[in-house]
Amino acid sequence: MSTLDPRFDPAAIEADIFAAWQQAGAFRQRPAADDTAARDALSPEIAEPYVITIPPPNVTGSLHMGHALNNTLQDVLIRKNRMAGRPTRWVVGTDHAGIATQNKVEQKLAKEGLTRFDVGREAFIEACWEWRREHGGRIIQQLRAMGCSCDFDDEWFTMNESYQRAVREVFVDWYRAGLIYRGTRIINWCPRCTTALSDIEVEHQDKDGKLWSIDYPLTDPVDGIDHITVATTRPETMLGDVAVAVHPDDERYRALIGSTVVLPLMNRAIPIIADEYVDPAFGTGAVKITPAHDPNDYEVGERHGLEQINVLDERAFVNENGGKFAGLERDLARKAVLYELQQAGYLSDSTPHTHAVGVCYRCGTAIEPWLSDQWFVDMKPLAEPAIQVVRDGRVRFTPTRWENVYYHWMENIRDWCISRQLWWGHRIPVFYCTACGWHDALKTDETICPQCGAPLVQDEDVLDTWFSSQLWPFATLGWPAPFGADTPAELAFNYPTSALSTARDILFLWVARMIMSGLYFAGDIPFSDVIIHPTVFNKEGKRMSKSLGTGVDPLDLMADYGADGMRFGLMLQVTGVQDLRFNEEKLLKSRDFANKIWNAARFVLMNAAGEYVPTLADVSDAAQLADRWILSRLAGLARRVDAGIDAFEFGEVTRELFDFAWTEYCDWYIELAKGRLAAEGEAAAQVRRVLLFVLDTFLRLLHPFMPFITEAIWQKLPRPAGTDAGADLPQQLITAAWPDVAALGSLVDADAERRIQLLQAVVTALRSTRARYGLSPRKPLAVLVRTQDATDVQLLQAVADQISTLGHASDFAVGTDIEKPAHSAVTVAAGLEIYLPLEGLVDFAAERARLEKERAQLSADAAKLEKKLSNPGYLAKAAPEIIEKDRARAAETASALAAVDAQLTELD
RNA sequence: GGGCGAGUGGCGCAGCGGGAGCGCAGGGCCCUUACAAGGCCAAGGUCGGGGGUUCAAAUCCCUCCUCGCCCACCA
């Protein structure tokens with residue numbers, strides 16, 4: 001009674017299944033955080049909630065391969081824990097993505113010939129909200145298509161009202177605590193985005209440039225020296241030079257310290273100073289000092305009380321301080337400055353020089369180190385406790401090596417520039433009196449100065465997007481309500497969250513900061529596990545990039561392979577290594593795998609014949625070797641999958657599931673079942689029960705990885721009503737019980753696992769002998785098996801029918817006293833000697849060649865083992881079970897060798 | 001300048017102290033009534049080079065080579 005099509009079509013089922021899950025409320029936390037009575041009723045081992053807050057994708061984003069991988073992985077964890085009965089919740093939402101969103105809206109305005117200044121701040125922000133309403137839901141929709149079981153009824157946005165309160169609370173708190181301050185510093189400035197960036201938002205690229213040498217003439221020659229030559233990679237900044245620095249111990253220049261030089265082109269007298277910062281071995285050993293355009297020069301300038309002359313404007317054009325170069329864009333200014341220097345004879349040398357150029361992580365424009373007023377967070381006091389929780393093991397990294405990366409950054413942490421000269425974002429809640437100079441950070445907007453009554457104005461800048469992102473694990477759980485009596489139930493129950501899974505490139509931008517702010521504001525770690533998943537590269541090992549055309553779109557993949565195929569194929573490729581070279585072949589195999597399971601289910605359903613899915617007790621008394629074998633394998637699989645998911649070993653678990661289903665359940669168990677099903681009666685009923693039981697349990701284990709197909713099949717399995725899920729829930733796999741690994745342990749049967757090899761050896765001998773001699777696979781052959789083990793005789797007799805079915809044996813005989821018939825092919829395996837009489841069917845020259853080859857292999861193995869077993873050091877030091885195993889192997893090899901030798905003799 | 005990761009059959013990758021595995025490609029046979037997106041069989045590797053530790057090394061240590069990534073203010 002098959003209700004399944006012979007070919008699995010993902011598109012036909014995915015949307016309906018997803019809708020059914022959502023309709024059933026399967027994604028909601030059960031019991032809800034505020035349902036204390038229900039929570040108290042949970043048994044202790046599942047009472048602990050399992051919570052993940054999704055790394056919020058940019059609201060401008062579209063699903064890419066990194067998302068596909070990361071969200072599959074999180075969904076696996078969520079689904080497994082949900083099935084295990086824990087109150088599970090996956091918090092979903094998007095990030096307002098300051099620069100990215102602002103860029104989108106500015107591009108839209110540009111099409112109408114407008115800039116943001118034309119429309120004004122208010123209207124621009126409204127346009128951003130409008131953009132979000134129109135396009136911001138795309139990536140959430142794509143998560144649904146993937147089958148992600150997030151709590152979509154409670155979607156968050158880093159700019160929604162409650163979130164804004166959280167950001168403001170944090171700012172004011174840190175401000176009051178003295179952790180947020182304003183200062184004039186050299187910061188990273190993106191002249192295209194016209195905003196400051198933090199240090200970690202700058203990417204460094206090696207660029208081929210030049211190191212130019214410029215002669216600065218001395219005002220008054222010293223000992224016949226009339227100039228000093230400085231080396232620079234950025235000649236245009238010389239317009240803002242205020243000194244030349246040399247190392248105090250540099251003999252070449254010692255006499256010049258304290259002299260003045262005339263700055264070429266600007267005709268300004270500037271001093272030669274001594275500073276340890278200068279490396280005498282680099283360049284000419286003399287450095288031009290431009291405090292407004294280089295962080296090191298700024299430091300030097302501070303030490304020596306030098307002026308700071310800013311020669312570039314916010315778009316990196318030379319400003320009025322640049323003399324006749326004013327108005328030139330920085331690259332043009334460089335050319336012009338070099339030309340003028342050369343014309344005037346100041347340019348003495350240029351050599352090729354590669355150096356790291358900082359570029360904006362959002363737009364790729366070269367960063368300008370620029371002097372300006374910005375807001376900063378003092379990070380050291382926040383970093384210390386955040387380092388400690390990792391040292392204490394309260395926050396664990398997977399793979400653990402990332403802990404060292406974390407420590408290194410945290411121990412060398414620098415202050416965080418949090419102000420951005422943007423409009424889209426959380427506006428800095430600092431208010432200034434227009435009259436008396438009063439200013440403060442305020443939790444609510446005020447218009448009148450509390451000191452003098454004059455109007456207040458708010459700071460123009462907004463906060464770094466990551467300033468709000470860092471609050472994600474607790475702001476999405478209802479913070480800020482004060483802790484203690486008024487703590488929202490949701491926060492108290494769900495915080496700290498369980499695991500955070502993310503890409504390595506935001507370890508500092510986001511993960512580290514969540515730990516710091518979580519400890520500070522929510523009073524505890526934000527999550528106990530940080531999973532750093534591999535970065536997805538393309539087949540050539542290159543970064544996936546839309547603009548470069550090196551990317552693969554997960555939506556296209558889902559269309560071709562189904563959501564399940566994409567998920568499983570990605571999981572197959574996960575390892576503990578840093579990189580993942582995406583291989584589409586794995587998706588093809590995953591789709592095939594889905595089809596394989598689909599058809600296995602078809603077979604089982606066609607043969608279910610009135611049986612319900614049995615309980616563990618119903619299959620525990622299975623007597624047949626094959627049954628005990630598959631049940632034992634299933635128990636082992638369940639144990640490994642259960643532990644593997646908990647240990648975040650996604651790749652290994654996926655491969656285990658694949659191998660079990662395909663090789664063991666389909667290739668062997670189902671094939672073995674066919675003959676027994678035909679027999680009918682109790683024997684057939686038992687096979688049906690085992691088939692159903694294994695399929696049911698396997699679908700549960702596979703569900704976190706392939707949610708759609710497993711749900712579709714599982715719902716077709718025959719079972720009495722009300723046997724799974726809560727009474728108020730529909731019968732769905734998503735909320736069905738996770739297999740009880742401990743109970744399944746009773747099915748482990750090491751003997752059965754070993755003995756099934758006997759059967760496989762006989763069947764394989766039949767198949768390969770036929771293949772070797774070009775006999776039709778269906779040509780019936782008689783089989784005789786000799787073994788010294790009486791138990792093996794019984795076992796093989798019990799499965800004689802199945803050997804006949806799988807191997808197309810005509811006659812089957814097994815015993816301790818079997819004699820080899822004349823003209824037989826002999827196979828020695830699993831301690832058995834398997835004889836296939838081939839009188840008149842084959843050319844024995846080929847058989848001789850084969851046996852010679854096998855003999856060579858066997859005697860090499862035997863020699864190796866013998867050498868090992870006669871080594872006194874080995875016998876003295878190796879573990880007893882290893883020696884035992886090797887002895888058994890040696891005995892087996894020796895008897896196989898003897899058998900092959902005997903066979904060769906007979907062929908003569 | 002520091003740090004991390006990778007180098008295993010033609011290709012893509014597992015394995016990470018005790019018998020070299022998987023998928024794909026290639027070869028042979030099979031439409032066997034769940035699945036040809038399938039089944040069966042066979043072939044294919046001195047686990048980057050060198051040294052060391054160990055009874056035992058693809059697996060641990062050292063070193064070198066080749067790739068990739070991260071951090072770092074050297075003009």
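To find a chain, count down the sequence lines: A is the first, B the second, and so on, and within it residues start at 1.
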Engineer: Using a heavy-atom cut-off of 4.0 Å across all strands, would you classify A/I670 as base, sugar-phosphate, or nothing?
Structural biologist: base
Engineer: Using OP1 and OP2 only, check whether a side-chain N or O of A/S776 sits under 4.0 Å from B/rC30.
Structural biologist: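 No, no such contact exists.
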Engineer: For nucleotides B/rC73 and B/rA14, find the distance between their C1' atoms and express it as a whole number of Å.
Structural biologist: 43 Å
Engineer: Would A/C666 and A/K596 count as a side-chain contact (heavy atoms from CB on, under 4.5 Å) here? Give the steps.
Structural biologist: CA-CA 8 Å; A/C666 291; A/K596 187 77 178 172; 3.7 Å; yes
Engineer: A/E884 CD to B/rA56 P: how many Å, rounded?
Structural biologist: 22 Å
Engineer: Could you state the atom-to-atom distance from CG of A/D241 to C1' of B/rA75 in whole Å?
Structural biologist: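 A/D241 atom CG is separated from B/rA75 atom C1' by 11 Å.
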Engineer: Using the salt bridge (charged side-chain N to carboxylate O under 4.0 Å, His left out) definition, which of the options A/E656, A/E652, A/E649 pairs with A/R640?
Structural biologist: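 Going through A/E656, A/E652, A/E649 one by one, the salt bridge (charged side-chain N to carboxylate O under 4.0 Å, His left out) with A/R640 is satisfied by A/E656 alone.
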Engineer: Just checking A/Y665 against A/F698, ring centres under 6.0 Å apart?
Structural biologist: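 Between A/Y665 and A/F698, the centre distance exceeds or equals 6.0 Å.
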Engineer: Of all the nucleotides listed (B/rC73, B/rA75, B/rA34), which has the minimum atom distance to the side chain of A/N296?
Structural biologist: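 So the side chain of A/N296 is nearest to B/rC73.
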Engineer: Provide the closest heavy-atom pair for A/L347 versus A/W212 in the form atom of the first, atom of the second, distance.
Structural biologist: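 Nearest heavy atoms, A/L347 then A/W212: CD1-CD1, 3.9 Å.
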Engineer: Identify all pairs in which a protein N or O lies below 3.5 Å from an N or O of nucleotides 13-22 of chain B, and state each distance.
Structural biologist:
residue : atom : partner : partner atom : Å
B/rA14  : OP1  : A/T575  : OG1          : 2.9
B/rA14  : O2'  : A/R655  : NE           : 3.4
B/rA14  : O2'  : A/R655  : NH2          : 3.4
B/rG18  : O2'  : A/K868  : NZ           : 3.4
B/rG18  : O6   : A/A879  : N            : 3.4
B/rG19  : N2   : A/R889  : NE           : 3.3
B/rG19  : N3   : A/R889  : NE           : 2.8

Engineer: Rounded to the nearest Å, what distance is computed from the CG atom of residue A/N404 to the P atom of nucleotide B/rG3?
Structural biologist: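 From A/N404 CG to B/rG3 P: 12 Å.
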Engineer: Does a side chain donor of either A/D208 or A/T354 reach within less than 3.5 Å of an acceptor in the other side chain?
Structural biologist: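 Not at all, the side chains of A/D208 and A/T354 share no donor-acceptor pair under 3.5 Å.
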Engineer: In whole angstrom, give me the gap between the P atoms of B/rA58 and B/rA75.
Structural biologist: 45 Å
Engineer: With sugar-phosphate meaning primed atoms plus P, OP1 and OP2, does A/T764 contact a base, only sugar-phosphate, or nothing at under 4.0 Å between heavy atoms?
Structural biologist: sugar-phosphate
Engineer: Taking the P atom of each, how far is B/rC13 from B/rG28, in whole Å?
Structural biologist: 28 Å
Engineer: B/rU66 pairs with which nucleotide, Watson-Crick or G-U wobble, both distances below 3.5 Å?
Structural biologist: B/rA6
Engineer: Base, sugar-phosphate alone, or nothing: which one does A/H353 contact when heavy atoms must sit under 4.0 Å apart?
Structural biologist: sugar-phosphate
Engineer: What are the two closest non-hydrogen atoms of A/D579 and A/P534, and how far apart are they?
Structural biologist: C-CB, 4.0 Å
Engineer: Please figure out whether A/V202 or A/T663 has its closest RNA chain B nucleotide nearer the 5' end.
Structural biologist: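 Upstream on the strand: A/T663.
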Engineer: Testing A/H355, A/H247, A/H353 one by one against A/F282 for a ring pair (Phe, Tyr, Trp, His ring centres under 6.0 Å), which residue passes?
Structural biologist: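 In the set A/H355, A/H247, A/H353, the residue that makes a ring pair (Phe, Tyr, Trp, His ring centres under 6.0 Å) with A/F282 is A/H353.
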Engineer: Establish, from distance only, whether the side-chain atoms of A/S198 and A/E201 form a donor-acceptor pair under 3.5 Å.
Structural biologist: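 Per modelled atom types, A/S198 and A/E201 side chains form a pair under 3.5 Å.
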Engineer: By the 4.0 Å heavy-atom rule, please label A/H355 as base, sugar-phosphate, or nothing.
Structural biologist: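 A/H355: backbone/sugar contact only, no base atoms under 4.0 Å.
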Engineer: Could you check whether A/Y277 gets within reach of a base, just the sugar-phosphate, or nothing at all, counting any heavy atom under 4.0 Å?
Structural biologist: base
Engineer: Kindly indicate whether the side chain of A/K867 and the base of B/rA56 share any N or O donor-acceptor pair separated by less than 3.5 Å?
Structural biologist: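 Flag unset: no donor-acceptor pair detected.
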Engineer: Under 4.5 Å between any side-chain heavy atoms of A/F508 and A/V405, yes or no?
Structural biologist: yes
Engineer: Between B/rA37 and B/rG49, how many Å separate the two C1' atoms, rounded to a whole number?
Structural biologist: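 Those two atoms are separated by 43 Å.
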Engineer: Which whole number of Å gives the distance between the P atom of B/rA20 and that of B/rC47?
Structural biologist: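 To the nearest whole Å, 11 Å.
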Engineer: Look at the aromatic rings of A/F705 and A/F568 and report parallel, tilted or perpendicular, splitting at 30° and 60°.
Structural biologist: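 Ring orientation, 0 to 90° scale: perpendicular.
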Engineer: Please enumerate all protein N or O atoms sitting under 3.5 Å from an N or O of nucleotides 36-38 of chain B, with distances to 0.1 Å.
Structural biologist:
residue : atom : partner : partner atom : Å
B/rA37  : OP1  : A/R7    : NH2          : 2.7
B/rA37  : N7   : A/R7    : NE           : 3.2
B/rA37  : N7   : A/R7    : NH1          : 2.4
B/rA37  : N7   : A/R7    : NH2          : 3.1
B/rA37  : N6   : A/R7    : NH1          : 3.4
B/rA37  : N3   : A/R591  : NE           : 3.2
B/rG38  : OP1  : A/D592  : OD2          : 3.1
B/rG38  : O3'  : A/K596  : NZ           : 3.1

Engineer: Which whole-number value in Å describes the distance from A/R772 CZ to B/rC41 C1'?
Structural biologist: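 Going from A/R772 (CZ) to B/rC41 (C1'), I get 10 Å.
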Engineer: Counting only Watson-Crick or G-U wobble pairs whose two distances fall under 3.5 Å, which nucleotide matches B/rG1?
Structural biologist: B/rC71
Engineer: Taking the same atom, C1', in B/rG10 and in B/rU53, what whole-Å distance lies between them?
Structural biologist: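 It comes out at 36 Å once rounded to the nearest Å.
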Engineer: Pick base, sugar-phosphate or nothing for A/R770, based on heavy-atom distances below 4.0 Å to the nucleic acid.
Structural biologist: nothing
Engineer: Would you call the rings of A/W662 and A/F658 parallel, tilted or perpendicular, taking 30° and 60° as the class edges?
Structural biologist: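 Correct class here is tilted.
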Engineer: Using the C1' atoms only, state how far B/rU66 lies from B/rC24, rounded to an integer number of Å.
Structural biologist: 26 Å
Engineer: Would you mind pulling out the nucleotide paired to B/rG27, Watson-Crick or G-U wobble, both distances under 3.5 Å?
Structural biologist: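 Paired with B/rG27, as far as the under-3.5 Å criterion goes, is B/rC41.
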Engineer: Give none if B/rU32 has no partner; otherwise give the nucleotide forming a Watson-Crick or G-U wobble pair with it, both distances under 3.5 Å.
Structural biologist: none
Engineer: Indicate, with a heavy-atom threshold strictly under 4.0 Å, whether A/V230 touches base, sugar-phosphate, or nothing.
Structural biologist: nothing
Engineer: What is the distance, rounded to the nearest whole Å, between atom CH2 of A/W668 and atom P of B/rC35?
Structural biologist: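 Distance check: A/W668 CH2 to B/rC35 P gives 20 Å.
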Engineer: Counting side-chain heavy atoms from CB outward, which of B/rA34, B/rG12, B/rC40 is closest to A/K674?
Structural biologist: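 Of all the options, the side chain of A/K674 is nearest to B/rA34.
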Engineer: Is B/rU59 paired to anything, Watson-Crick or G-U wobble with both distances less than 3.5 Å, and if yes, which nucleotide?
Structural biologist: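 None - no nucleotide pairs with B/rU59, as no candidate has both distances under 3.5 Å.
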Engineer: Is A/D886 salt-bridged to A/R889, cutoff N-O under 4.0 Å?
Structural biologist: yes
Engineer: Determine the interatomic distance between C1' on B/rG52 and the same-named atom on B/rC41; round to the nearest Å.
Structural biologist: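 Rounded to whole Å, the distance is 44 Å.
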Engineer: In whole angstroms, how far is the P atom of B/rC35 from the CD atom of A/E671?
Structural biologist: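 Value for this atom pair: 11 Å.
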Engineer: CE of A/M606 versus C1' of B/rC35: gap in Å, rounded?
Structural biologist: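 So the CE-C1' distance, A/M606 to B/rC35, works out to 11 Å.
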Engineer: Give the intermediate values and the outcome of ring pair (Phe, Tyr, Trp, His ring centres under 6.0 Å) for residues A/F8 and A/W598.
Structural biologist: CA-CA 6 Å; A/F8 171 56; A/W598 184 260; 4.9 Å; yes
Engineer: Can you tell me if A/R414 touches the phosphate of B/rC73, counting only side-chain N or O atoms and a distance under 4.0 Å to OP1 or OP2?
Structural biologist: yes
Engineer: When the distance from NZ of A/K716 to P of B/rA34 is rounded to whole Å, what number comes out?
Structural biologist: 19 Å
Engineer: With RNA chain B as reference, determine whether A/D199 or A/D279 sits nearer its 5' end, using the nearest nucleotide of each.
Structural biologist: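 Its nucleotide being nearer the 5' end, the pick is A/D199.
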Engineer: Please give the nucleotide sitting opposite B/rG12 as a Watson-Crick or G-U wobble pair, both distances under 3.5 Å, or none.
Structural biologist: B/rC22
